[in-house]
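Written below as structure tokens is the structure these notes are about.
Every value quoted in this text rests on a predicted model; they were computed, and no experiment measured them. By convention in this document, chain letters (A, B, ...) are assigned in the order of the sequence lines, proteins followed by strands, and residues within each chain are numbered from 1.
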Protein chains: 2
Amino acid sequence: MANVAKYDRDEVVRKAMLLFWEKGFNGTSTRDLQQDIDMRPGSIYAAFGSKEGLFSEALEYYSREMKQILDLRSTELQSPLAGLEAFMRNVVVDRRDTNPSEFCMLVKTLSELNEDQPELMQQTRKLLKRTEDRFTDILERAQKQDEISASANPRMLAQQLQVQMIGLRAFMKANRNPNTVSELIDSIFSSIRIH
Amino acid sequence: MANVAKYDRDEVVRKAMLLFWEKGFNGTSTRDLQQDIDMRPGSIYAAFGSKEGLFSEALEYYSREMKQILDLRSTELQSPLAGLEAFMRNVVVDRRDTNPSEFCMLVKTLSELNEDQPELMQQTRKLLKRTEDRFTDILERAQKQDEISASANPRMLAQQLQVQMIGLRAFMKANRNPNTVSELIDSIFSSIRIH
DNA sequence: TTTGATTTTGAGCGGTTGTTCAATATAAAA
DNA sequence: TTTTATATTGAACAACCGCTCAAAATCAAA
């Protein structure tokens with residue numbers, strides 16, 4: 001042991017994540033990154049190996065942060081379904097201006113990249129599947145509490161909600177009308193909720 | 001008049017569209033384009049002004065082609081709703097391997113670009129809105145033929161279908177399971193169709 | 001056949017890309 | 001205080017980017 005890193009790795013990855021989320025993988029140059037995270041090329045490459053390595057950690061960071069938001073909304077509202085709806089509205093509508101992009105970072109990555117970067121693609125797929133699994137868990141709890149129909153398929157419902165959340169974020173960027181999107185969210189949840 | 005262009009403009013734009021759709025605006029270099037459309041830089045810039053100009057024509061071409069597919073499915077099936085469902089299944093599932101990307105080219109553009117290219121963004125928004133309008137027309141006809149509830153709102157339903165189609169295409173790239181996606185399409189249409 | 005407007009060519013411009021690496025700075029261990 | 005392993009710096013590399021433009025090729029009109 002002789003010298004110790006001066007930067008806060010977690011904070012560096014967070015800043016990189018925000019920039020990647022805004023501009024995408026190809027749209028973000030290593031010089032943009034150097035400025036934003038205040039590190040020189042040598043340090044970046046010593047710490048993360050490559051632009052792809054840093055992006056990979058940024059993806060994990062993004063996913064962890066989204067999970068935290070979902071957990072937060074789930075615990076402050078005792079109802080599983082209400083938590084899910086609050087999460088959706090919070091991410092798609094409320095945070096639309098403070099988020100670096102209206103799109104989900106994972107979907108943006110899926111859209112931009114292809115099998116030329118197999119590791120990033122596989123990682124992105126894994127993280128999206130993990131979200132589907134979280135939604136499924138919540139919907140199973142909702143079913144036990146009679147919030148949704150006993151005949152509903154929680155896995156399939158989770159997929160439908162994920163599909164709609166992805167679509168709504170694109171729709172939000174296209175139409176920039178939070179009221180319209182909020183109505184669409186109302187409609188989604190009133191169609192699956194038991195009164 | 002002294003010399004006449006040797007290239008077929010429509011065919012050139014089509015080839016450019018396929019490449020842009022696959023790789024995105026930033027992911028496609030002008031050298032990639034030169035190869036694919038078999039034109040030299042001088043000719044390209046004389047004909048289209050800039051990479052952005054060619055991309056803009058490619059967007060229009062894409063949108064025209066999608067409209068044709070929708071019209072085709074609508075006329076070969078007399079039922080408006082069945083036409084819409086066939087269109088969705090055709091684009092999202094059947095063509096998943098022959099399409100240059102699972103994603104809608106307009107959504108991919110929306111995802112990749114921002115207000116730094118205001119003309120392209122505005123154009124993309126306009127073309128997406130036009131699709132919503134086409135969906136709305138079809139659903140109004142479906143409503144007159146009692147295929148969907150008389151109390152349904154065709155405009156809102158069109159928005160919901162557009163949102164779901166966008167989301168399903170992303171989901172298709174993430175999960176690569178055509179059966180799952182086909183089931184989701186079944187579910188969407190059986191929930192709005194009157195039997 | 002000559003003229004002349006138009007199209008096509010491709011070398012090359014200035015700038016940016018992801019990445020490397022020798023030189024320097026740093027701080028824990030001896 | 002000296003040693004030494006590690007961290008940081010930033011100049012520089014080769015490749016690539018969107019695009020320009022003078023020169024050559026082309027073909028309808030005269």
Hits for salt bridge (charged side-chain N to carboxylate O under 4.0 Å, His left out) against A:E147, two or more places apart or cross-chain, chain-then-number order -> none
Can you find a side-chain donor-acceptor pair between B:S111 and A:E112 that sits under 3.5 Å?
no
Whole-Å distance, A:Y7 OH to D:dT9 C1', equals 14 Å
Going by an N to O cut-off under 4.0 Å, is there a salt bridge joining A:R141 and A:D137?
no
Length of the line joining B:R40:CZ and D:dA25:P, which is rounded to integer Å
15 Å
Contact class for A:F48 (heavy atom, under 4.0 Å): base, sugar-phosphate, or nothing?
nothing
Output every pair passing ring-ring contact (aromatic ring centres under 6.0 Å, His included) with a member in residues 58-105 of chain B, not counting sequence neighbours, ordered by first then second residue.
B:W21-B:Y62
Around atom CD of A:Q145, are there more than 12 heavy atoms from other residues, nucleotides or ligands closer than 6.0 Å?
yes
If you restrict it to nitrogen or oxygen atoms, what contacts under 3.5 Å exist between nucleotides 17-19 of chain D and the protein, and what is each distance?
{"unit_1": "D:dC17", "atom_1": "OP1", "unit_2": "B:S29", "atom_2": "OG", "d": "3.3"}
{"unit_1": "D:dG18", "atom_1": "OP1", "unit_2": "B:T28", "atom_2": "O", "d": "3.3"}
{"unit_1": "D:dG18", "atom_1": "OP1", "unit_2": "B:K51", "atom_2": "NZ", "d": "2.7"}
{"unit_1": "D:dG18", "atom_1": "OP2", "unit_2": "B:T30", "atom_2": "N", "d": "2.6"}
{"unit_1": "D:dG18", "atom_1": "OP2", "unit_2": "B:T30", "atom_2": "OG1", "d": "2.7"}
{"unit_1": "D:dG18", "atom_1": "N7", "unit_2": "B:R31", "atom_2": "NH1", "d": "2.7"}
{"unit_1": "D:dG18", "atom_1": "O6", "unit_2": "B:R31", "atom_2": "NH2", "d": "2.9"}
{"unit_1": "D:dC19", "atom_1": "OP2", "unit_2": "B:Y45", "atom_2": "OH", "d": "2.7"}
{"unit_1": "D:dC19", "atom_1": "OP2", "unit_2": "B:K51", "atom_2": "N", "d": "3.0"}
{"unit_1": "D:dC19", "atom_1": "O5'", "unit_2": "B:Y45", "atom_2": "OH", "d": "3.3"}

How many Å lie between CE on B:M39 and P on C:dT9, as a whole number?
8 Å
Gap between atoms CD1 and P, on B:I44 and C:dT7 respectively (whole Å)
15 Å
Heavy atoms of A:A86 and A:L77 approach each other most closely as CB-CD1, 3.6 Å
What is the distance, rounded to the nearest whole Å, between atom CG of A:L33 and atom P of C:dG18?
8 Å
